[in-house]
2 protein chains.
Amino acid sequence: MQDTKTRILDAAERLLADRGLAACSIRAVTAAAGVNLGAVNYHFRTKQDLIQAVFARRLKPLNRERLAELDACEARAGDRAVPLEDLLHAFLAPAMNLERDGTAFVRLLGRMYTEPYLDSQRIFAAELGEVVQRFFRAFHRTLPQLPPEELFWRLFFTVAIMAQTLAAGSLLRHISKGLCNPSDLQGAQIRLIQFAGAGLGAPVAGTRKSRKAGKGGSS
Amino acid sequence: MQDTKTRILDAAERLLADRGLAACSIRAVTAAAGVNLGAVNYHFRTKQDLIQAVFARRLKPLNRERLAELDACEARAGDRAVPLEDLLHAFLAPAMNLERDGTAFVRLLGRMYTEPYLDSQRIFAAELGEVVQRFFRAFHRTLPQLPPEELFWRLFFTVAIMAQTLAAGSLLRHISKGLCNPSDLQGAQIRLIQFAGAGLGAPVAGTRKSRKAGKGGSS
DNA sequence: GTCTATAGTACGATAGAC
DNA sequence: GTCTATCGTACTATAGAC
């Protein structure tokens, strides 16, 4: 049996991910953790502070791992740009592995990405910003033909897919009538890298030097 | 001044989108609508019924428009498969236009896609399922090399990008330090179609025969 | 450090006047 | 059809016993 603080963090992580930020009550957390309501106030003060603590516990190691992977990629590439798939792998795989470890954290990550509760989005953006900057430079080197604005958009799309896949994957099972298994994280990761890699590397809309014809007529 | 029922629906749409489903209280809705608390109970009974009514009001016309666009695409294509970009346009443009009309509905759509509140996701999946089936067949015809499972995954990714772009676009402005403007819906739509088009058309991971998919300049 | 007990507030829902 | 008034409940946060 772990200490109270850890039990609260574990229970909060799971319930926040399962129910959403606003719908998860402190009482539900303490009940699930088997501790008393007052313990949350002692260890974390408010609900917002608890959410932030749950978030920080996983995110800092996660981002450290991402940057370590990125460093390894760049060392491997030497003077050349890092291959696109390697960059995507460095960013995505650490998150996927966390989920595989049985934590609900990555689903929570997806929630904080979307749900406007308290200042969660600001916390999220602040923590992610640092990693985004580092990866942005690496992606820019690999895809020098993309203007920075375009690259930001596409990285945003990439993170959006990751967040939704991990936060709302169960919808996929439902819509595909069981054909797709969103719990297959390995398969999801491969598909995500394939899809986002193609999207990131797509020619810039409006330029002519792509092999593909421009956009067909709209009505 | 519109009637009470419409005022409630309008206020609820905006507040649900702004605050999230769980964090939006009926009292906040009635206060914003300038009507009495009891009116919600009279017109909609429960909060869940109100959410469903907000949702149904826009989604049915939206999906009808999507299917009409799809019909037009297929008529234009004749015996051939509909070009990929046209399919994406038929699916995405009606939603983008709704947002342009000043409604907050598409942000709400993004919320319901992600936030696990009451049975919102079930409602969402049920309403969307019909359109997905129709579009699935059309996409399958345009991309016959993709196994159904693969195509479902990629359509899921595509919808994920759309939902997140419209629900959490403000994050993009923040992370890009103002470089990207997520309110530019026209630009977002073009970029989304470009990105998702390349992702959908990417070769299946593990196979060697790449088709026309536009991987521009990855190393 | 953990618990009990509770203050204070906001909520969803509804009954009943008009 | 709209409003007032209110019931019962659940919540966050905290004070104080142990």
Side-chain angles (χ1 to χ4, degrees), chain A residues 1-57 108 111-112 115-124, chain B residues 1-57 108 111-112 115-124:
Chain A
M1 184 80 89
Q2 295 157 319
D3 68 338
T4 298
K5 193 167 178 176
T6 303
R7 298 235 305 286
I8 292 173
L9 284 172
D10 288 344
E13 180 173 86
R14 179 154 304 273
L15 287 175
L16 287 167
D18 285 347
R19 306 186 182 183
L21 306 184
C24 169
S25 69
I26 292 185
R27 303 173 110 88
V29 170
T30 53
V35 303
N36 188 273
L37 180 61
V40 166
N41 178 251
Y42 175 77
H43 288 288
F44 305 100
R45 283 197 67 79
T46 70
K47 180 175 175 179
Q48 176 164 13
D49 292 336
L50 171 60
I51 293 176
Q52 188 152 4
V54 170
F55 200 59
R57 176 174 68 152
L108 176 58
R111 298 249 172 283
M112 301 200 54
E115 193 176 333
Y117 184 64
L118 302 176
D119 273 346
S120 303
Q121 290 202 3
R122 194 188 49 74
I123 297 168
F124 182 85
Chain B
M1 185 82 86
Q2 295 155 317
D3 69 337
T4 300
K5 193 166 178 175
T6 303
R7 299 233 307 286
I8 293 173
L9 285 172
D10 288 344
E13 180 174 83
R14 181 154 302 273
L15 287 174
L16 287 167
D18 285 347
R19 306 186 183 183
L21 307 185
C24 169
S25 69
I26 291 183
R27 302 172 113 88
V29 170
T30 54
V35 303
N36 189 272
L37 180 62
V40 166
N41 178 251
Y42 175 76
H43 288 288
F44 305 99
R45 281 197 69 79
T46 71
K47 179 175 176 180
Q48 175 163 14
D49 291 335
L50 171 60
I51 293 175
Q52 188 152 4
V54 171
F55 199 60
R57 177 174 66 150
L108 176 58
R111 299 250 171 283
M112 300 201 54
E115 194 176 333
Y117 184 63
L118 301 176
D119 273 347
S120 303
Q121 291 202 1
R122 194 188 50 74
I123 296 168
F124 182 85

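Just so it is clear: chains get the letters A, B, ... in the order the sequence lines come, proteins before strands, and each one is counted from 1. Values below: all heavy atoms of this structure, side chains included; hydrogens, waters and symmetry mates excluded.
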Of B/V40 and A/V35, whose closest DNA chain C nucleotide lies nearer the 5' terminus? A/V35
Side-chain heavy-atom pair A/P116, B/R111 within 4.5 angstrom cut-off: yes
For atom CG of B/L37 and atom P of C/dG12, their distance in whole Å: 8 Å
In whole Å, what is the span from the CG atom of B/N41 to the P atom of C/dG16? 13 Å
How about B/T4 and B/Y42: do any of their side-chain heavy atoms sit closer than 4.5 Å? no
Between the main-chain N or O of A/A22 and the side-chain N or O of A/E115, is there a donor-acceptor pair closer than 3.5 Å? yes
B/Y42 atom OH is separated from C/dG16 atom P, nearest whole Å, by 17 Å
Is there side-chain contact between A/M112 and A/L16, with heavy atoms separated by less than 4.5 Å? no
Whole-Å distance separating the CZ atom of A/F44 from the C1' atom of C/dT2: 14 Å
From the options C/dT2, D/dT4, D/dA13, select the nucleotide whose nearest atom is closest to the side chain of B/N36. D/dT4
D/dC11 P sits how many Å from A/L15 CG, rounded? 12 Å
Separation of A/L50 atom CG from D/dT14 atom P, in whole Å? 14 Å
How many whole angstroms separate atom CD1 of B/I8 from atom P of D/dC3? 9 Å
Within this structure, what is the NZ-to-C1' distance between B/K47 and C/dT14, rounded to whole angstrom? 17 Å
Describe the nucleic acid contact of A/R45 in one word from base, sugar-phosphate, nothing, applying a heavy-atom distance below 4.0 Å. sugar-phosphate
Think A/T4 has a side-chain N or O under 4.0 angstrom from the OP1 or OP2 of C/dG1? no
